[in-house]
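Position 1 is the first residue of the sequence; numbering continues from there.
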Amino acid sequence: WCNRLVKSSSKAFDTEKWKTLKKENPAKQGDLIVLGFDGAQFRDSTGLIATHVETGYQWEMGLWECPYGKENWQVPVEEVDAVVAAAFEDYDVWRMYADPPYWQSWVSKWAGEYGDDKVIEWWTNRRKQMSYALENFQTGITSGEISHDGSANLHRHLGNSFRHDLPQKDEETGRALWLIRKERHDSPYKIDLAMAAVLSWEARTDAIAAGATGGSVYEN
């Protein structure tokens with residue numbers, strides 16, 4: 001792939017279409033959900049997005065974002081840990097897809113606590129797999145299969161995401177593979193919550209493919 005990106009300045013996602021997909025949260029305590037987790041601990045942001053497996057509804061579980069202009073800032077890791085713990089306590093979590101860089105020890109901790117069959121390292125630096133996950137997420141928006149809670153933070157991070165085409169093309173469709181990036185490397189505008197949403201949607205797709213279709217663990 002020549003280890004390079006083909007420059008592109010287009011926004012990655014249709015945020016106007018995204019706004020029309022806001023709905024009431026159908027998820028109940030004990031329902032089957034999946035989680036997507038992405039971010040860094042210092043001078044950046046970290047996000048956690050849940051997706052209701054049965055309906056495809058997404059909501060923001062947490063965003064920890066460096067205040068603008070603040071240099072010596074760190075994500076409150078104990079707070080993140082508490083939110084993850086609450087998700088596993090309140091819902092039947094089928095999978096949590098977590099991008100491990102900067103959080104590898106915590107991802108290992110969660111795998112030990114909740115099961116290494118549930119907490120999965122999902123490396124976003126795998127370009128081909130990441131491109132397919134992004135295409136899958138974009139298709140969910142276009143088709144309206146995704147719905148969401150109207151999170152202003154997620155809408156903002158989606159809007160901050162720019163598409164960068166790769167020189168590699170999909171072998172079946174011939175379309176360019178692509179990734180998301182900030183508009184520029186030093187941009188203060190974050191995209192981690194968008195990436196968490198993509199990972200969460202990918203986990204939901206895998207849940208459906210595996211026959212995990214939902215239903216509350218508290219139902220008789």
Check: Among all residues two or more places apart in sequence or in another chain, which pass the ring pair (Phe, Tyr, Trp, His ring centres under 6.0 Å) test with W110?
Finding: F37
Margin query: Once salt bridge (charged side-chain N to carboxylate O under 4.0 Å, His left out) is applied, what residue pairs with a partner in residues 103-114 remain, sequence neighbours excluded?
Written below: D81-K109, K109-E113
Note to self: Before we go on, tell me: are the rings of W59 and Y91 under 6.0 Å apart, centre to centre?
What the structure shows: yes
Notebook entry, point to check: OG of S161 to CE of M195: how many Å apart, nearest 0.5 Å?
Noted result: 7.5 Å
Check: Do D92 and K118 touch side chain to side chain, with heavy atoms closer than 4.5 Å?
Finding: yes
Checklist line | Heavy-atom pair of closest approach, residues L193 and G47 | finding: CD1-CA, 3.5 Å
Notebook entry, point to check: Measuring from D31:CG to D90:CG, what's the distance to the nearest 0.5 Å?
Noted result: 11.5 Å
Checklist line | Min side-chain heavy-atom separation W122-R95 under 4.5 Å | finding: no
Notebook entry, point to check: To the nearest 0.5 Å, how far apart are CZ in R163 and CG in L166?
Noted result: 9.0 Å
Checklist line | Exercise: identify the closest heavy-atom pair between H52 and T55 | finding: ND1-OG1, 2.8 Å
Checklist line | Flag for E202-N136: side-chain donor and acceptor within less than 3.5 Å | finding: yes
Next item on the list: Step through the shown structure and confirm whether more than 12 heavy atoms of other residues, nucleotides or ligands are within 6.0 Å of CG on N125.
Entry: yes
Next item on the list: Verify the cluster assignment for V198 and W123: are they in a single hydrophobic cluster under the rule of side-chain heavy atoms below 4.5 Å apart?
Entry: no
Check: V83, Y114: one ILVMFWY side-chain cluster at the under-4.5 Å cut-off?
Finding: yes
Item checked: Student check: side-chain heavy atoms of W64 and E79 closer than 4.5 Å -> yes
Item checked: Heavy-atom side-chain contact between F162 and S10 under 4.5 Å -> no
Next item on the list: Using a 4.5 Å cut-off on heavy atoms from C-beta on, say whether the side chain of D38 contacts that of W103.
Entry: no
Check: What do you reckon, are the aromatic ring centroids of F13 and F137 less than 6.0 Å apart?
Finding: yes
Item checked: Hphob cluster co-occupancy, V77 + Y102, side-chain heavy atoms under 4.5 angstrom -> yes
Next item on the list: Go through D206 and R204 one step at a time and tell me if the salt bridge (Lys or Arg N to Asp or Glu O under 4.0 Å) criterion holds.
Entry: CA-CA 5 Å; D206 290 345; R204 192 256 180 176; over 6 Å; no
Next item on the list: To the nearest 0.5 angstrom, please state how far the CG atom of D99 sits from the CD atom of Q104.
Entry: 9.5 Å
Note to self: Under a 3.5 Å distance rule, please check whether H148 uses its side chain to pair with a backbone N or O of W18 as donor and acceptor.
What the structure shows: yes
Next item on the list: Dump the intermediate steps for side-chain contact (heavy atoms from CB on, under 4.5 Å) on R175 and K169, then the final yes or no.
Entry: CA-CA 5 Å; R175 292 183 297 184; K169 295 184 181 297; over 6 Å; no
Next item on the list: Measure the shortest side-chain to side-chain distance between W94 and I33 over non-hydrogen atoms and say whether it is less than 4.5 angstrom.
Entry: no
Next item on the list: Take D192 and H157, measure what side chain to side chain donor-acceptor pair (under 3.5 Å) needs, and give me the verdict at the end.
Entry: CA-CA 7 Å; D192 301 280; H157 281 221; 5.3 Å; no
Next item on the list: Report the distance from atom OG of S187 to atom NZ of K182, rounding to the nearest 0.5 Å.
Entry: 6.0 Å
Checklist line | Short side-chain to backbone donor-acceptor contact, S200 and A196, under 3.5 Å | finding: no
Next item on the list: State, with a plain yes or no, whether a side-chain heavy atom of V107 is found less than 4.5 Å away from one of E121.
Entry: yes
Checklist line | Side-chain ion pair, K190 and D44, N-O less than 4.0 Å | finding: yes
Note to self: Return the CG to CG distance between L199 and L35, rounded to the nearest 0.5 Å.
What the structure shows: 11.0 Å
Notebook entry, point to check: Do the side-chain N and O atoms of W201 and Q58 include a donor-acceptor pair separated by under 3.5 angstrom?
Noted result: no
Item checked: Exercise: identify the closest heavy-atom pair between Q138 and A12 -> NE2-O, 3.2 Å
Notebook entry, point to check: For the residue pair S143 and G140, what are the closest heavy atoms and their distance?
Noted result: OG-O, 3.3 Å
Checklist line | Between D170 and Y132: side-chain donor-acceptor atoms closer than 3.5 Å | finding: yes
Next item on the list: Please confirm whether R181 makes a cation-pi placement over W178, using NZ or CZ under 6.0 Å from the six-membered ring centre and within 45° of the ring normal.
Entry: no
Next item on the list: Evaluate the side-chain proximity of S45 to L63: yes if any heavy-atom separation is below 4.5 Å, no if none is.
Entry: yes
Item checked: Check against salt bridge (Lys or Arg N to Asp or Glu O under 4.0 Å), K70 and E65 -> CA-CA 11 Å; K70 192 165 185 177; E65 192 168 39; over 6 Å; no
